[in-house]
Undergrad: 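Here it is, the structure, as structure tokens.
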Amino acid sequence: MIQLIEAGHSYKVHGIKGELKLSLDANFKNEILQQGVLFFNLDGNDVPFFIESYRAKEDALYMKFKELESPEAARELSNKIIYTDKNKLQNTPDQVFEDTNEDSEESFEDFIEYIILDKNTGIQTKIIGIEEYPSQWMALCIVNNKEVMIPMRVEWIEQIDDINQLITMNLPDGIFEL
């Protein structure tokens, strides 16, 4: 049975052949690329799309899916969460986070006063609070004099630098406008 978990995010269409700019969770990016399939939720249905080709360029991944031959066809998959089958992975995001903090009492609440750096926009913001919701932790930050909640999704966190109190994240486009 397929059990889908979040694996990344798609952004805008790139080029004339229907490539998508996207990011995949760095913890199991190689496994996903070897599997050759990603899932997108379209109108409430989880639909598999098979990878035809991909290329990496300057911290971005550009992917072409089979049967999507134009930018118009690929646009339906832009700005969406990407999923993969958890059963096909060696490490899931929860396991990766638990493994990195095995000997630590650290939790997301320990990150108050840390700075979040979004690699996509270059925006830096200080975490002024952490709130726990049933499905995830949320960081409360101030961006452009407005309170913003940033999901502390393990798959979006690229690096945590405890010495400099800096969390480098790969956040979806538009998250600061919500």
Undergrad: Taking all heavy atoms of F39 and all of T84, pick out the closest pair and write down the distance.
TA: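 In this case the closest contact between F39 and T84 is CD1-CA, 4.3 Å.
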Undergrad: Locate the shortest heavy-atom distance separating I167 from F111; write the atom from each residue and the value.
TA: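 Heavy atoms only, the tightest pair is CD1-CG, 3.8 Å.
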Undergrad: Give the minimum heavy-atom separation between I175 and P151, together with the two atoms involved.
TA: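 So the minimum-distance heavy-atom pair works out to CD1-CD, 3.7 Å.
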Undergrad: Can you tell me how far the CD atom of E76 sits from the CZ atom of F49, to the nearest 0.5 Å?
TA: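 Atom-to-atom, E76:CD and F49:CZ are 6.0 Å apart.
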Undergrad: If you draw a 6.0 Å radius around CD in E67, do more than 12 non-hydrogen atoms from other residues or ligands fall strictly inside?
TA: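 No, the 6.0 Å shell around CD holds no more than 12 heavy atoms from other groups.
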Undergrad: Take atom OH in Y54; do more than 12 heavy atoms of anything else shown fall under 6.0 Å from it?
TA: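 No, because the 6.0 Å sphere around OH of Y54 holds 12 heavy atoms or fewer from other groups.
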Undergrad: So, do N79 and P172 sit near enough that their side-chain heavy atoms are less than 4.5 Å apart?
TA: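 In short, these two side chains do not touch, never coming nearer than 4.5 Å.
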Undergrad: Sub-3.5 Å donor-acceptor pair from the side chain of D85 to the main-chain atoms of N87, do we have one?
TA: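 Pair found, side chain donor or acceptor close to backbone of N87.
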Undergrad: From E158 CD over to K119 NZ, what is the distance, rounded to the nearest 0.5 angstrom?
TA: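 Reported value, rounded in 0.5 Å steps: 4.0 Å.
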Undergrad: For a quick test of reading the model, state the closest non-hydrogen atom pair linking G15 to P71 and the distance between them.
TA: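 That would be O-CG, 3.5 Å.
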Undergrad: With rounding to the nearest 0.5 Å, note down the distance linking CD in E69 to CD in E52.
TA: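 Separation between the atoms: 6.0 Å.
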Undergrad: Output yes when a side-chain donor or acceptor of N41 lies under 3.5 Å from a complementary backbone atom of D46, and no otherwise.
TA: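 Not confirmed, N41 side chain does not pair with D46 backbone.
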Undergrad: Applying side-chain contact (heavy atoms from CB on, under 4.5 Å), name anything that partners S23, two or more places apart in sequence or on another chain.
TA: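 Here the qualifying residues are H9, Y11, N170.
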Undergrad: Donor-acceptor check, side chain of T125 to backbone of I116, threshold 3.5 angstrom: yes or no?
TA: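 Not confirmed, T125 side chain does not pair with I116 backbone.
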Undergrad: Side-chain heavy atoms under 4.5 Å apart, restricted to Ile/Leu/Val/Met/Phe/Trp/Tyr: what other residues fall into the cluster of I115, or is it alone?
TA: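 I115 clusters with L117, L166.
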Undergrad: V47 and side chain to side chain contact (heavy atoms under 4.5 Å, CB included): which partner among L38, L77, L42?
TA: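 Of the listed residues L38, L77, L42, the side chain to side chain contact (heavy atoms under 4.5 Å, CB included) partner of V47 is L42.
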Undergrad: Start with the C-alpha distance between I150 and M138, add both sets of side-chain angles, then the distance that settles side-chain contact (heavy atoms from CB on, under 4.5 Å), and finish with yes or no.
TA: CA-CA 5 Å; I150 299 174; M138 301 286 284; over 6 Å; no
Undergrad: Which atoms form the tightest heavy-atom contact between G18 and A74, and what is the distance?
TA: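 Closest approach of G18 to A74: O-CB, 3.2 Å.
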Undergrad: Once rounded to the nearest 0.5 Å, what's the spacing between atom CZ of F176 and atom CG of D118?
TA: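 F176 atom CZ to D118 atom CG measures 4.5 Å (nearest 0.5 Å).
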Undergrad: Under the rule for ring-ring contact (aromatic ring centres under 6.0 Å, His included), what residues qualify as partners of Y83, not counting sequence neighbours?
TA: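 Checked Y83 against ring-ring contact (aromatic ring centres under 6.0 Å, His included); zero matches.
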Undergrad: If every non-hydrogen atom of K64 is compared with every non-hydrogen atom of E19, which pair is closest and at what distance?
TA: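 Heavy atoms only, the tightest pair is CB-CG, 4.2 Å.
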Undergrad: Within a radius of less than 6.0 Å around NZ of K29, do more than 12 heavy atoms belonging to other residues, nucleotides or ligands occur?
TA: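 No, NZ of K29 has 12 or fewer neighbouring heavy atoms, counting only those of other groups under 6.0 Å.
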Undergrad: Look at the side-chain heavy atoms of Ile, Leu, Val, Met, Phe, Trp and Tyr, link any pair under 4.5 Å apart, and say whether I32 and Y62 land in one connected group.
TA: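 As far as the 4.5 Å side-chain criterion goes, Y62 and I32 are not connected within one cluster.
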Undergrad: Between L20 and V13, is any pair of side-chain heavy atoms under 4.5 Å apart?
TA: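 Yes, at least one pair of side-chain atoms sits under 4.5 Å.
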Undergrad: Just how far is it from atom CE of M152 to atom CD1 of I127, taken to the nearest 0.5 Å?
TA: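 Answer rounded to 0.5 Å: 4.5 Å.
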Undergrad: Mind checking the CG-CG spacing from L33 to L24? Nearest 0.5 Å is all I need.
TA: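 With rounding to 0.5 Å, CG (L33) is 6.0 Å from CG (L24).
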